[in-house]
Amino acid sequence: MSNERNDETAALCADWQMDTYTRTATIVKGRGSRVFNPKGQQYLDFTSGISVVALGHAHPAVVEAIKTQAETLVHSSNLFYTPQVGLLAKKLSEVGLGGKCFLANSGAEANEAMIKLARLWGSRNGGRYEIVSMRGSFHGRTLATLSATGQSKVQTGFDPLMPGFAFATLNDLESVRAAITEKTAAVLLECIQAEGGVVPATEEFVTGVRALCDEKGILMLCDEVQCGMGRTGKMWGFQHYGVEPDAFTSAKALGGGLPLGALLASKALSGVFGPGSHGSTFGGNPVACAASLAVFKVFEDEKIVENVPALGEFFRRGLQQYVEKYDDLLEVRGKGLLIGLALKEPRAGELLDEMRLNGLLACKAGDSVVRFLPPLNVTEKDLEEGLEMIGDALSTVFGGDEE
Ligand SMILES: *Cc1c(COP(=O)(O)O)cnc(C)c1O
């Protein structure tokens, strides 16, 4: 994939924004599972803004909630109580761990809050501060969260990294046990590594980590920023494994498209932070909270999460047929509508470019995996249309291998 400068907007962004992103199409409007470029051409959007607009673009209930709240109160700061903030915090406790939350503006910030929580807890429980994180993980781009991330590509050049992180290997319980010392406060993991290539943790591993944390008297922390909010067919990724972490983070889809992140803690950890322990000027912005409440309401009214497994299965079956047809494809993996098509060679960018030419947008997860994140309320018809475009792109890129 390369930066494209197809129009005035692309030129403006490229000329005046720092060069941190690889961008392609220009998008000016979105409706449901489709987005439009300035010429009015449409794309089927299987990125959902990187798993953010889980209900598709411009869901009427989310738009209405944002409009109403914007007209009423946009911001008042955390010096004061605001109804939407309280209502959302209660909702998060109900769907989360039954404890309290801290509201932030992004995934990285939510993870920063979780790291601080673990350190404060550890400082009061035997002077523990170290966090064992997984190789291949992704936790954000702030200094603490990139130090927690198990991928050197986000760390290179930013030394010295923040101390206090050790690394283990996903699905290798013994590596976690070996990484734990008397200084370890917590183990941190994504139940499905998303950016790291759509790699699900095994049941044996996740239940094993839970048991290991209990045995050692340390915290189990989950990063649900991408695999949470119904994306995998349950509200939270860890629910597939029948365990509960001591705390976890949410963001991406949480705010219905607006910037919102949350740290959700168990009852036992809900009192670790006190006045002055942590804070954020924008965290728990009333408009973002109102949008989030609308998302949870639509989830319930339209049985969104309940429908994800069948939609995911339908899409997987289609992709599986391509895996059987093309030698260059390795496998389909993931859960629900967090799906990766793994290639044998690092050619995901080429395939994405070709899919985009056919009218379909998707993400990468490393150079060898194409990651599909359709809206959770996508129709089978849209999935079918997407599968056709994927088929056309595969035949262009890997056509030589067609049997
Ligand atoms: C996207 C992501 C983050 C970072 O979220 P930002 O909102 O970009 O800061 C953290 N963890 C996971 C698992 C993510 O997918």
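None of the values given here were measured: they were computed from a predicted structure. Side chains are part of it too, since the values below use all heavy atoms of this structure and drop only hydrogens, waters and symmetry mates. Counting convention: from 1, in listed order, for ligands and their atoms alike.
Side chains of Asn78 and Ser280: a donor-acceptor N/O pair is absent below 3.5 angstrom, by distance only. A donor and an acceptor atom, one from each side chain of Thr207 and Glu203, are nowhere located under 3.5 Å apart. A side-chain N or O of His278 and one of Lys116 form a donor-acceptor pair less than 3.5 Å apart. Side-chain N/O atoms of Glu195 and Gln226 include a donor and acceptor closer than 3.5 Å. Neither side chain, Asn111 nor Thr145, offers a donor N or O lying under 3.5 Å from an acceptor on the other.
Sorted by chain then number, the residues whose non-hydrogen atoms approach ligand 1 to under 4.0 Å are Ser106, Gly107, Ala108, Asn111, Phe138, His139, Gly140, Glu190, Asp223, Val225, Gln226, Lys252.
Distance check, rounded to the nearest 0.5 Å: OG of Ser250 to CE of Met229 gives 5.5 Å.
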